[in-house]
Peer 1: 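Below: one structure in structure tokens.
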Amino acid sequence: MNHSQMFLQAQWVTPAREMTAPYFQAQFDCASALSGRLRISGLGFFSATLNGRPVSEDMFVPVWSDYEKREFLFDGAPFDEEFGHRIYGLSYDVSALLVPGQNTLLVHVTPGWYAQPTWVGGDQSAAYGRPRLCFALEYEDENGAHTLLSGPDTVVCRESEITAFDLFRGETQDYTRPLGAWERVRALEPFACEHLWQDCPADGVERRIAPRLLHQRDGLSVYDQGENVTGTPVLLGTEPGTITVIFSEALGADGLPDPEHHHGQKAIFHIREPRTLRAIGTWYGYRYFSVQGPAQVLCCEVIHSKVPATSTFHAPEPTLQWLYDAFLRTQLANMHAGIPSDCPHLERRGYTGDGQLVCEAGMMLLGSRDFYRKWLRDIADCQDRKTGHMQYTAPYTRCGGGPGGWGCAIVQVPYQYYRQFGDAQPMREMYPQMLRWFDSLEAHSEGGLVTSDKPGLWCLGDWCMPGKPRIPEPLVNTYFYIRSLRQACAIAEILGIDGERALLKERIAGREKALYQRYYDPQTGDFAENAQGANAFMVDLGLGDARTLEHIAQRYAALGEYDTGIFGTDIVTRVLFERGHKALAAKLLTSCGASSYGHMRLTGATTLYEYWHGGRSYSHPMFGAPVRYLFQYLLGLRQAEGSCAWREIVFDPYLPEGINALSGSLETPQGVLRARLWRENGEARAEIFAPACINVHRRDTVC
């Protein structure tokens, strides 16, 4: 779809002078109204009212995308990679909002990602452009059909109450100054890119929390929501003055929001009469907040993408239950504006590493099909059209990562999407891009191992290990390359195409040989001295011998906790479950050692930490990938090899010693699956409830 197909002959408009977050207004006359539909997009984010009534409850729309080509510097030189670009629009039925006589359409456009002034933590411009608006309002009255199109002759604008804005750090709202007269707008050229109707869930207020007042001193009140979420407090400003709100994920020793964990997040309100106050153009990631100034706290709104939980899990063992609950809370807190982010405050980026790592869990446990279909487009867009190079974030922002664990999202996410939902179209569309990515990895390899990325970029292997990294980066990146090559072969078979499978298999064999030559010790059976899960990466590929697996088990039985980063934690857990060490895998999941989920729980976390021991962000989903094993290897609900959309499953439950009951459910494309495990007279028992259309292979091995 192009501009005219979406917006007819409407024009994009922007203020004639600099405005932070402008209001746009258009007025028109309507006889006795019959029907109306509004086609609209405002960049960065917009909200609209017609005759003072909201057009929709949607928030932070349209969803974030790589809107258009922008000019910026990378390591002092012009950034030269070429991406795909797209613009999203929304269509609303406004029939019930039209009135006889004069009608007023008012649209508030905040900067969002489109006009965000800086990269997080930097001073370089990140903006695509200035806030802008385009709409076509088609309506019918007793006199026939009419169309109101945005343009300099129909739209005026003025400043809003938002006088300062930073998507990451917050906004200042000033209600003490007049907004000024309405001013003319100027027209902009349409975007020469693909236009799509937004088919991804918007953000919205999903629930409300009544926070607890912890203490007051010197006019400062400190509150606790009881959980780490995203959204905004809703305040009642009671008298003239300035109200300052500071947000944090933790409290300091002084009982105030901890500066280390507030990530610069602040809201400032200037008022001259009582009024309700809340964030407008951004969200905050926090558990605690302080309020200084004349205000009462009414509630806290929890805001994220409108994605429902489609799973349940119940365990008397506290850490397993915490892991499930914390993952859902963390993942939802990181679903905004159509992307799965790394954290909801400090960076807010769609990291392909974090995203591919937890995508299967996110698809299994949440009603996220439309959400991930949109993010797949972002992944496709952020591949360099010239070299095949993949970015570390989608949409692209300046970031860090590695070629394997990050860039291979172009294979992993569409493959898991097919497995979960049975939709092969994203794989079909992206398969040629996968092959281009493999060529890029070949160009950054030495001696059969992936050893580098584009100059000036990071080249991480695993990430966020406790202690100093010891697992070699080339081992990790080559692991992901081999895994992706194998997935590409499977994809080619699913699609019924040759897909250069002979070449891919040749590359697999060469890479496996290189891993043996560089890292395998035939005297011990270990790869890279079994450092930080190195053996597990290799066993997951089918490399090594019996000693390789046994040394994994011996190491983690002795440690009793993890020593791995975000990828190794997932792989070690899965390898142990799949290869005869279920008890040890369950022990790791329930461990309360220093590097464990139990440690996070015991330190009061309600979301997953970025680092095992805390520090920086307290809301990072990347360590949550093993949550799917609660369903696949404990409840025993997992798809059979080669199945998609849950048409065929293997029921192979496992009830660990010391745990007397587990239960849960998954809403699949075929219907709801339920499983229950319990002990009766000392024996473990299990039952499954599955729709008749699902072919169930049952293995009664509950202990």
Side-chain angles (χ1 to χ4, degrees), residues 207 209 211-212 214 222-231 247-253 255-263 265 283-289 300 302 304 309 313-335 340-348 354 357-358 361-362 365-366 463-467 560-566 569-570 573 588-630:
R207 57 191 174 96
I209 296 173
R212 180 168 62 95
L214 296 180
V222 178
Y223 293 86
D224 177 9
Q225 296 182 113
E227 53 183 306
N228 198 18
V229 298
T230 51
F247 303 88
S248 186
E249 297 181 291
L251 294 178
L256 301 179
D258 185 355
E260 182 182 351
H261 294 284
H262 76 63
H263 312 301
Q265 298 178 103
W283 60 88
Y284 297 98
Y286 68 107
R287 172 174 173 172
Y288 304 94
F289 63 101
C300 292
V302 178
H304 53 72
F313 182 78
H314 303 287
E317 201 290 320
T319 298
L320 294 180
Q321 187 66 53
W322 179 91
L323 175 57
Y324 172 77
D325 295 338
F327 174 78
L328 287 192
R329 189 177 290 113
T330 309
Q331 185 65 19
L332 289 170
N334 281 280
M335 300 175 86
S341 63
D342 64 322
C343 61
H345 32 56
L346 183 61
E347 296 189 74
R348 307 187 180 204
D354 310 52
L357 183 56
V358 301
L365 308 186
L366 298 166
W463 182 236
C464 290
M465 297 79 76
E561 60 182 287
Y562 292 102
D563 66 345
T564 43
I566 57 175
T569 297
D570 179 61
T573 308
L588 287 176
L589 287 177
T590 57
S591 168
C592 292
S595 300
S596 71
Y597 299 109
H599 170 76
M600 295 186 195
R601 176 181 67 84
L602 292 174
T603 54
T606 63
T607 45
L608 292 159
Y609 291 161
E610 179 179 11
Y611 293 90
W612 283 117
H613 306 152
R616 235 173 77 108
S617 165
Y618 280 0
S619 185
H620 255 69
M622 58 193 189
F623 271 115
V627 73
R628 65 196 192 273
Y629 305 143
L630 304 182

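Here, residue 1 is the first one in the sequence, and each next residue gets the next number.
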Peer 1: I would like to know whether Glu249 and His263 meet side-chain hydrogen bond (donor to acceptor under 3.5 Å, both in side chains); could you show each step before the answer?
Peer 2: CA-CA 9 Å; Glu249 297 181 291; His263 312 301; 3.0 Å; yes
Peer 1: Taking the side chain as every heavy atom from C-beta outward, state whether Leu630 and Phe327 have any atom pair closer than 4.5 Å.
Peer 2: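 No; the side chains remain at least 4.5 Å from each other.
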Peer 1: To the nearest 0.5 angstrom, please state how far the CG atom of Asp354 sits from the CD atom of Glu610.
Peer 2: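 Reported value, rounded in 0.5 Å steps: 8.5 Å.
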Peer 1: Is the closest side-chain heavy-atom distance between Tyr288 and Leu214 below 4.5 Å?
Peer 2: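 Result yes, sub-4.5 Å side-chain heavy-atom pair found.
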Peer 1: Could you tell me whether Glu317 and Arg601 make a salt bridge, using a distance below 4.0 angstrom between a side-chain N and a carboxylate O?
Peer 2: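 Result for this pair is no, no salt bridge flagged.
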Peer 1: What is the ring orientation for Tyr562 with Tyr597, classed by angle as parallel under 30°, tilted 30 to 60°, or perpendicular over 60°?
Peer 2: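 Tyr562 and Tyr597: perpendicular rings.
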Peer 1: Check whether any side-chain heavy atom of Ser595 lies under 4.5 Å from a side-chain heavy atom of Asp563, and answer yes or no.
Peer 2: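 Counting from C-beta outward, Ser595 and Asp563 never come under 4.5 Å.
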Peer 1: Less than 4.5 Å apart, side chain to side chain, heavy atoms only: is that true for His304 and Arg329?
Peer 2: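 With C-beta onward as the side chain, the pair stays apart.
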Peer 1: So, applying side chain to side chain contact (heavy atoms under 4.5 Å, CB included) with Pro344, which one of Val229, Thr230, Asn228 is it?
Peer 2: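 Answer to the side chain to side chain contact (heavy atoms under 4.5 Å, CB included) test with Pro344 among Val229, Thr230, Asn228: Thr230.
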Peer 1: Under a 3.5 Å threshold, yes or no: a donor from one side chain and an acceptor from the other, between His345 and Ser619?
Peer 2: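 No pair is found: no donor N or O on one side chain lies under 3.5 Å from an acceptor on the other.
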Peer 1: Give the intermediate values and the outcome of side-chain hydrogen bond (donor to acceptor under 3.5 Å, both in side chains) for residues Thr564 and Thr569.
Peer 2: CA-CA 5 Å; Thr564 43; Thr569 297; 2.8 Å; yes
Peer 1: Taking only residues two or more places apart in sequence, or in another chain, which ones meet Gln225 in a side chain to side chain donor-acceptor pair (under 3.5 Å)?
Peer 2: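 For Gln225, the residues satisfying side chain to side chain donor-acceptor pair (under 3.5 Å) (neighbours in sequence not counted) are Tyr286.
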Peer 1: Roughly how far apart are Leu328 CG and Thr607 OG1, rounded to 0.5 Å?
Peer 2: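 Reported value, rounded in 0.5 Å steps: 12.5 Å.
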Peer 1: Between Ser596 and His599, does a side-chain hydrogen bond (donor to acceptor under 3.5 Å, both in side chains) hold up when you go through it step by step?
Peer 2: CA-CA 5 Å; Ser596 71; His599 170 76; 5.8 Å; no
Peer 1: Under a 4.5 Å cut-off applied to non-hydrogen side-chain atoms, are Thr603 and Tyr609 in contact?
Peer 2: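 Yes - at least one pair of side-chain heavy atoms lies under 4.5 Å apart.
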Peer 1: Run the numbers on Leu365 and Arg628 for side chain to side chain contact (heavy atoms under 4.5 Å, CB included), then give the verdict.
Peer 2: CA-CA 8 Å; Leu365 308 186; Arg628 65 196 192 273; 5.9 Å; no
Peer 1: For Gln321 and Pro318, indicate whether the former's side chain and the latter's backbone hold a donor-acceptor pair under 3.5 Å.
Peer 2: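 Not confirmed, Gln321 side chain does not pair with Pro318 backbone.
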Peer 1: Between the side chains of Glu347 and Arg616, is the shortest nitrogen-to-carboxylate-oxygen separation below 4.0 Å, so that they form an ion pair?
Peer 2: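 Salt bridge: yes.
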Peer 1: Within a strict 4.5 Å, meaning less than it, do heavy atoms of the Ser617 and His620 side chains meet?
Peer 2: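 Yes; the side chains approach each other to less than 4.5 Å.
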Peer 1: Using 0.5 Å steps for rounding, measure from the CG atom of Leu588 to the OG1 atom of Thr319.
Peer 2: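 One finds 12.0 Å between CG of Leu588 and OG1 of Thr319.
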Peer 1: Before giving the answer on side chain to side chain contact (heavy atoms under 4.5 Å, CB included), spell out for Cys300 and Phe289 the whole-Å C-alpha distance, their side-chain angles and the decisive distance to 0.1 Å.
Peer 2: CA-CA 10 Å; Cys300 292; Phe289 63 101; 3.6 Å; yes
Peer 1: Return yes if a side-chain donor-acceptor contact under 3.5 Å exists between Asp570 and Tyr629, otherwise no.
Peer 2: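 Side-chain D/A pair, Asp570 to Tyr629: present.
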Peer 1: Decide yes or no for His314 and Tyr324: does some side-chain heavy atom of the first lie under 4.5 Å from some side-chain heavy atom of the second?
Peer 2: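 Counting from C-beta outward, His314 and Tyr324 never come under 4.5 Å.
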Peer 1: Does any part of the side chain of Trp612, heavy atoms only, come nearer than 4.5 Å to the side chain of Met600, both counted from C-beta?
Peer 2: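 A side-chain contact exists here, since the closest heavy-atom pair is under 4.5 Å.
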Peer 1: Using 0.5 Å steps for rounding, measure from the CH2 atom of Trp463 to the CZ atom of Phe623.
Peer 2: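 It comes to 10.5 Å.
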Peer 1: Does Cys343 offer a backbone N or O that forms a donor-acceptor pair with the side chain of Asn334 under 3.5 Å?
Peer 2: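 Looks like yes, one N/O pair under 3.5 Å.
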Peer 1: Taking atom CD of Glu227 and atom CD1 of Ile209, what is their separation to the nearest 0.5 Å?
Peer 2: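 Spacing of CD (Glu227) from CD1 (Ile209) equals 4.0 Å.
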